[in-house]
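Step one of this worksheet: look at the structure below.
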Amino acid sequence: MNPFDAWEKQQRKKADLKYGSKNKKQQSDDYQYVFEIEDKIVDFFRESVFDGDNFDEFDSELPDKSAELLQAVSEYPVLGTVGETGSGKTIQIPQYLYEAGYTKQGKTGCTQPRRVAAMSVAARVSQEMGVKLGHEVGYSFRFEDCTSDKTVLKYMTDGMLLREIVIEPSLESYSVLIVDEAHERTLSTDILFGLLKDLINYRSYLKLLISSATLDAEKFSDYFGSAPIFKIPGRRYPVELFYAKAPEADYIEAAIVTVLKIHVNEPIGDILVFLTGQDEIETAKEILKQRTRGLGTKIAELIICPIYGNLPTELQAKIFEPTPEGARKVVLVTNIAETSLTIDGIKYVIDPGFAKVKSYNPKTGIESLLVNPISKASANQRTARSGRTGPGKCFRLYTLHNYHKGMDDNTVPEIQRTNLANIVLILKCLGIDDLVNFGLIDLPPEEALLKALELLYALGALNKAVGRQMAEFPIDPMLSKTIVASDKYKCSYEIITIASVGNSILYRPKDKQIHADNARLNFHLGDVKDHIALLRWCRENYIQIRSMKRARDIRDQLEGLLARVEIEITSNLNDLDAIKKAIASGFFPHSAKLQKNGSYWTVKHPQRAHIHPSSGLGQVLPRWVIYHELVLTTKEYMRQVTDLKPKWLVEIAPHYYQLKDVEEPASKKMPRAAGRAKE
DNA sequence: CTCTCCCTT
């Protein structure tokens, strides 16, 4: 381990230890005290003016590059485009193509990583062109298709285009495809790259534009056989960049102190603070409230706005209210504000340099969601958030040295940190068996590919007919196998309900079944009063209306797909065993057996696991369970757990389990072999 | 005896 890694590790350990305990001790409202810590803890130095190269061109008109762009498009099959955020490339390029007549030969499709972006950009373009949204200009993503026969400029999510390729691999109806925000490297974008690169070889009149915001456009250019890169001029205000002089162990405390320091010393303007999650944001909010309370008229009012993905929409709206005269707003955000959400009027950014990152360990099948240092690209993205409407300042709570030596250049692409079973299945259905030589821009870990293939084999998905059926469903293979298997157990109605609620419920805890059933009755009666009852039920049970709606949409879609793959809708509500067997048909690779000490060992790739305390089975501890997923947080937790009879495993998956795997010990009590289970 | 950064089909 090099010294920087060691340093990083130590800092993170310290941060973890102090966070929580330390915050609770320091609850002084004292004005003096604030400044005492300020001087003690956070000391910055001004490093540079970030991205100041456009500084002199602010008031000048940006040059019109449309003619040159169109020339380049006509000359080359693939073109990379690079532009600062705010250069308007997403909005303008498709309009240039439209005016130049490209849309007469076919549609122009433009992919976005996010739904909101697809929708809002389409709305803006239709407005600029003076046409009705959904006519010439439209958008499309799952559950919402705002296009018509007239549509020639189509904005869509990258995942949507991927689905379209599965249905029609040659994409005949398109003449131009633009992959926008390519630098974000979503799984869908990476897979699209591979498919489109192949497609342009036999669809010579297809034009491909790869659009990205950062300078790694050269990587994309190389990937597409040295495609030329077209730079689109943009403008951005300069941002003064500050680094901590010394490492800060407790970044929440440091962030809070910096907020107060800015609030007292700097001219008016709103502050954006990047934290890692809901928990930290709520903690920081409370501390800030305490420290500013009682200061009265000594300082200006500080309005605290928390924003994270889980926050109900009506509370999120608060950040868009303009800051009152004389006051200052501090917005505490997760990564949601790095790309998805733009907040106007931000003048100061505070960046502790951390984010929660989901990753997947193919060896153990464990997913984890842990706090990690961000990449340089990500740090620069955060910094730029302060220079959108005027010159800004960015305070990095880490040292310049750590920026250079302790942070990766780019965030690890999603394809390298995710479970690949779903995408491997889709590619198999497109006739792509060899992913290593498929020509991806970055290869996933070999183990992840093997693990995916092994799973698909176990599920029988490598059989063409079964695989096709499963691939129709836009869900994980284990879950789609459950749906396919529900035909046999005559309970497809119940299974698609379970599948659509997805991550929130896979098992209905016994003690809550009456509640769940009552709620469903309320849901189906369709009377206004009952809807109110349902709303109340949602509130009482802390269920977001948003997730309920989503579950209903997914259920409708799954029901439609059942017909497509010719599975009849059958209901078998009284036979819980049939439902459990259907679930086991998809999730049998995720079985685990109870140990003496109340923990579990997974059966196939032996691994310790615990039932998550929020599960209805946390107290019951069934001898055998199957689980939906294994997540590492404070411990290895199984989420969404169902009990089962071990003999079902052999019955359902004889190719995967043998009798000796599931043998019960002679004793009726706890298994004698508790400590031996690893064998 | 405690999970949910952000997305998406």
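Because only heavy atoms are used, hydrogens play no part in the values below, and waters and symmetry mates are left out as well, while side chains stay in. Quick note on labels: first sequence line is chain A, next is B, and so on, each numbered from 1.
Under 4.0 angstrom from either OP1 or OP2 of B/dC6 there lies at least one side-chain N or O belonging to A/Thr334. Within the structure, a side-chain polar atom (N or O) of A/Lys635 is placed less than 4.0 Å from OP1 or OP2 of B/dC1. One finds no side-chain N or O of A/Arg163 lying less than 4.0 angstrom from the OP1 or OP2 phosphate oxygen of B/dT8.
Residue A/Arg417 contributes atom CZ, which lies 15 Å from atom P of B/dC5 at whole-angstrom precision. If you take CG of A/Asp279 and P of B/dT4, they are 8 Å apart, rounded to a whole angstrom. Atom CG in A/Asp556 sits about 16 Å away from atom P in B/dT9, given to the nearest Å. Computed from coordinates, the A/Ile426 CD1 to B/dT8 C1' distance equals 11 Å when rounded to whole Å. Look at CD on A/Glu338: it is 12 Å from P on B/dC6, rounded to the nearest Å. The CG atom of A/Leu192 sits 12 Å away from the P atom of B/dT9 (whole-angstrom rounding). In this structure, A/Ile336 places its CD1 atom 10 Å from C1' of B/dC5, rounding to the nearest Å. Protein atom CD of A/Glu629 is 11 Å distant from nucleotide atom P of B/dT4, rounded to whole Å.
Proximity of the aromatic rings of A/Tyr600 and A/His610 is defined here by a centroid distance below 6.0 angstrom, and this criterion is not met. Ring centroid separation for the pair A/Phe193 and A/Phe220 comes in under the 6.0 Å cut-off. Ring pair A/Tyr251/A/Phe354: centre-to-centre distance below 6.0 Å.
Within the nucleic acid shown, A/Thr633 comes within 4.0 Å of sugar-phosphate atoms alone, with no base atom in reach, counting heavy atoms only. The residue A/Leu369 sits close to a base: some heavy atom pair falls under 4.0 Å. At the heavy-atom level, A/Phe473 lies nowhere under 4.0 Å from the strands shown. If you check every strand for non-hydrogen atoms under 4.0 Å, A/Glu184 touches nothing. When heavy atoms are screened at a 4.0 angstrom cut-off, A/Arg114 is found touching the sugar-phosphate backbone but no base atom. In this structure, A/Thr157 reaches the sugar-phosphate backbone alone: every heavy-atom distance under 4.0 Å involves primed, P, OP1 or OP2 atoms, never a base.
Checking B/dT8, B/dT2, B/dC6 against the side-chain heavy atoms of A/Tyr637 singles out B/dT2 as nearest. In the set B/dC5, B/dT2, B/dT9, B/dT2 carries the atom at the smallest distance from any side-chain atom of A/Thr634.
Toward the 5' end of DNA chain B, the nearer of the two residues A/Gln278 and A/Arg115, judged by each one's closest nucleotide, is A/Gln278. Nearest-nucleotide positions on DNA chain B place A/Leu632 closer to the 5' end than the other of A/Gln557 and A/Leu632.
In terms of the ring-ring contact (aromatic ring centres under 6.0 Å, His included) criterion, A/Phe473 has no residue partners (sequence neighbours excluded). The ring-ring contact (aromatic ring centres under 6.0 Å, His included) test applied to A/Tyr139 returns A/Phe141, not counting sequence neighbours.
With A/Glu367 contributing its side chain and A/Ser359 its backbone, the two residues share no donor-acceptor pair below 3.5 Å.
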